[in-house]
Amino acid sequence: QVQLVESGGGLVQAGGSLRLSCAASGRTFSSYAMGWFRQAPGKEREFVAHINWNGGTTYYVDSVKGRFTISRDNTKNTVYLQMNSLKPEDTAVYYCARQRQFRTIPSPRLEEYDYWGQGTQVTVSS
């Protein structure tokens, strides 16, 4: 019933920027907090950023603070991840996810999210 589709990934030089988008289906998008995760080859999926239902509160993993910005446009059922000053260490498949209903506190735990997109590849070259 819920579909999340990421886009905007690609190949970029270190120091460059990319903006990822996650388009969500359903009329209840605005009721849910959303998160971005990433998974590098051979590594486990890790939390990147979180945004509450109206975009008023955001939270980031320390490694991307000051470089990444999560935002959302509920009129478009879309959440974004603006990535600036990209580093080779940012190379990964990036996933958007919907936090479970009634959850309001940011969480890095994968089990706190019930729907996931297919992912979009981000590659940062040095």
Rounded to the nearest 0.5 angstrom, the SG-CD distance for C96 and Q118 is 8.5 Å

In this structure, CG of N52 is separated from CD1 of I70 (nearest 0.5 Å) by 10.0 Å

Positive for side chain to side chain contact (heavy atoms under 4.5 Å, CB included) with R38, one of V93, D90, V122:
D90

side-chain hydrogen bond (donor to acceptor under 3.5 Å, both in side chains) partners for [X], two or more places apart:
X	answer
T75	D73
E6	none
T123	Q121

V2 with W116, same ILVMFWY side-chain cluster at under 4.5 Å
yes

Q3 atom CD, over 12 foreign heavy atoms within 6.0 Å:
no

For residues 47-69, the ring pair (Phe, Tyr, Trp, His ring centres under 6.0 Å) pairs (sequence neighbours left out) are F37-F47

All pairs passing ring pair (Phe, Tyr, Trp, His ring centres under 6.0 Å) where residues 71-112 contributes a residue, at least two apart:
none

At their closest point, which heavy atom of [X] faces which heavy atom of [Y], and how far apart are they?
X	Y	value
R67	S63	NH2-O, 2.9 Å
A40	A92	N-CB, 3.7 Å
L4	A97	CD1-CA, 3.9 Å
N74	S30	ND2-CB, 3.5 Å

Could you tell me if R72 sits above the aromatic ring of Y32, with its cationic atom closer than 6.0 Å to the ring centre and no more than 45 degrees from the axis?
no

For K65, is there an ion pair with D62 - N to carboxylate O distance below 4.0 angstrom?
yes

Using a strict cut-off of less than 4.0 Å between a Lys/Arg side-chain nitrogen and an Asp/Glu carboxylate oxygen, indicate whether R100 and E112 qualify as a salt bridge.
no

Walk me through whether F29 and M34 qualify under side chain to side chain contact (heavy atoms under 4.5 Å, CB included).
CA-CA 9 Å; F29 173 78; M34 300 289 293; 4.0 Å; yes

Please check: side-chain N/O of T91 versus main-chain N/O of E89, any donor-acceptor pairing under 3.5 Å?
no

Taking the side chain as every heavy atom from C-beta outward, state whether I51 and V79 have any pair of such atoms under 4.5 Å apart.
yes

For residues T69 and M83, determine if any side-chain heavy atom of one lies less than 4.5 Å from a side-chain heavy atom of the other.
no

Compile the donor-acceptor pairs under 3.5 Å between side chains in residues 7-23 and protein atoms, sequence neighbours left out, one pair per line.
unit_1	atom_1	unit_2	atom_2	d
Q13	OE1	S125	OG	3.4
S17	OG	N84	OD1	2.9

